[in-house]
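To start, the structure under review is shown below, and the notes come after it.
Quick note: residue numbers are just sequence positions, from 1. The shown structure was predicted, so the numbers you read here are calculated from the model rather than taken from an experiment.
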Amino acid sequence: MLEIRELTYQELEQSPGFEETVTEYAAETANEAIGTPKIQRSRYRELSSLGKIQCLGAFEGDKVVGLAVVFFSQSQHYPFPIASIESFYLRKDYRKGGNGLGLLHAVKHMVKAEGAPGLVFMAPPGSTYAALCAKLGMTHTHNAYWCKV
């Protein structure tokens with residue numbers, strides 16, 4: 001089982017294995033309609049410094065092999081924060097066993113601690129990620145999944 005750690009984006013970005021993880025993530029999540037992701041690292045740093053995102057790293061030793069970035073905003077409709085997954089990725093070699101579920105559990109724990117009742121996952125239609133969201137019992141709505149915490 002991997003060790004899941006909460007850290008700032010800056011700490012995550014400086015972790016060994018980060019470049020390999022985001023390179024694999026970008027390649028796997030490329031979308032023909034809009035192209036390969038071009039990560040706006042300065043924006044992540046800004047959001048982290050403003051307290052708008054929180055990050056988790058999945059580590060094997062000192063090497064990051066997975067990550068989750070959760071965006072928080074204050075709702076104008078509800079008296080609690082709204083959370084959504086900005087990034088959720090585990091390298092292919094680490095998807096066996098309970099690693100992915102461990103990362104998801106850590107995300108849900110973090111979101112609950114912030115007072116949000118759940119979070120939104122966006123998954124490309126027909127993807128294995130979308131199939132996983134449905135299998136985990138998340139509610140399908142407009143190719144978005146509500147994950148109750």
Side-chain angles (χ1 to χ4, degrees), residues 1-29 31 36-95 97-124 127-130 132-149:
M1 194 67 153
L2 300 174
E3 179 186 358
I4 309 298
R5 300 180 206 156
E6 190 169 340
L7 62 173
T8 66
Y9 175 76
Q10 292 85 340
E11 293 167 328
L12 181 63
E13 184 179 45
Q14 294 169 6
S15 296
F18 179 80
E19 293 301 327
E20 295 87 350
T21 300
V22 297
T23 298
E24 184 178 300
Y25 181 33
E28 188 171 339
T29 59
N31 180 318
T36 301
K38 292 176 179 50
I39 299 167
Q40 306 298 305
R41 294 182 187 203
S42 61
R43 182 68 175 141
Y44 276 103
R45 289 184 209 111
E46 178 186 1
L47 290 169
S48 182
S49 67
L50 293 171
K52 299 285 186 187
I53 60 172
Q54 291 186 24
C55 303
L56 295 171
F59 287 85
E60 180 179 61
D62 68 342
K63 181 179 163 188
V64 67
V65 297
L67 54 86
V69 179
V70 180
F71 182 78
F72 289 91
S73 62
Q74 185 57 51
S75 173
Q76 281 61 245
H77 301 282
Y78 301 101
F80 47 75
I82 300 297
S84 60
I85 286 290
E86 170 59 30
S87 302
F88 186 89
Y89 191 75
L90 192 60
R91 295 192 66 185
K92 289 179 185 178
D93 291 345
Y94 297 90
R95 294 179 188 170
N99 290 328
L101 292 176
L103 183 57
L104 178 59
H105 176 74
V107 166
K108 290 168 72 173
H109 179 77
M110 181 174 66
V111 166
K112 188 174 186 176
E114 290 297 315
L119 69 159
V120 175
F121 277 80
M122 299 297 284
S127 69
T128 56
Y129 191 38
L132 177 64
C133 289
K135 183 178 179 180
L136 293 174
M138 295 181 195
T139 304
H140 180 249
T141 170
H142 300 87
N143 292 327
Y145 293 84
W146 175 252
C147 179
K148 185 178 178 181
V149 300

Answer yes or no: is there a side-chain heavy-atom contact under 4.5 Å between [X] and [Y]?
{"X": "V65", "Y": "D93", "value": "no"}
{"X": "Y9", "Y": "L47", "value": "no"}
{"X": "S87", "Y": "Y44", "value": "yes"}
{"X": "L2", "Y": "L90", "value": "yes"}

### Task
Quick one: do I85 and V70 satisfy side chain to side chain contact (heavy atoms under 4.5 Å, CB included)? Show the steps, please.
CA-CA 5 Å; I85 286 290; V70 180; 4.0 Å; yes
Qualifying residues under side-chain contact (heavy atoms from CB on, under 4.5 Å), relative to [X], sequence neighbours excluded:
{"X": "Q10", "result": "T8, R45, S48"}
{"X": "S15", "result": "L7, F59, V64"}
{"X": "K92", "result": "E24, E28, Y89, R95"}
{"X": "I4", "result": "L56, A58, L103, A106"}

For [X], what residues pass the side-chain hydrogen bond (donor to acceptor under 3.5 Å, both in side chains) criterion, not counting sequence neighbours?
{"X": "Y25", "value": "none"}
{"X": "E60", "value": "Y94"}
{"X": "R43", "value": "E46"}
{"X": "T21", "value": "none"}

I need the minimum non-hydrogen distance between [X] and [Y], along with the two atoms involved.
{"X": "V149", "Y": "G118", "value": "CG2-N, 3.7 Å"}
{"X": "C55", "Y": "L12", "value": "CB-CD2, 4.1 Å"}
{"X": "R5", "Y": "D62", "value": "NH2-CA, 4.4 Å"}

Residues 109-116, side-chain donor-acceptor partners within the protein, below 3.5 Å, at least two apart:
residue, atom, partner, partner atom, Å
E114, OE2, Q54, NE2, 3.1

### Task
Decide side chain to side chain contact (heavy atoms under 4.5 Å, CB included) for L132 and F121; before the verdict, give the C-alpha distance in whole Å, the side-chain angles of both, and the deciding distance to 0.1 Å.
CA-CA 11 Å; L132 177 64; F121 277 80; over 6 Å; no
### Non-neighbouring partners of F18 that pass ring pair (Phe, Tyr, Trp, His ring centres under 6.0 Å), sequence neighbours left out
none
### Summary
By salt bridge (charged side-chain N to carboxylate O under 4.0 Å, His left out), E19 pairs with (sequence neighbours left out) R41
### Residue pairs passing the ring-ring contact (aromatic ring centres under 6.0 Å, His included) test where at least one lies in residues 61-81, sequence neighbours excluded
Y78-F80
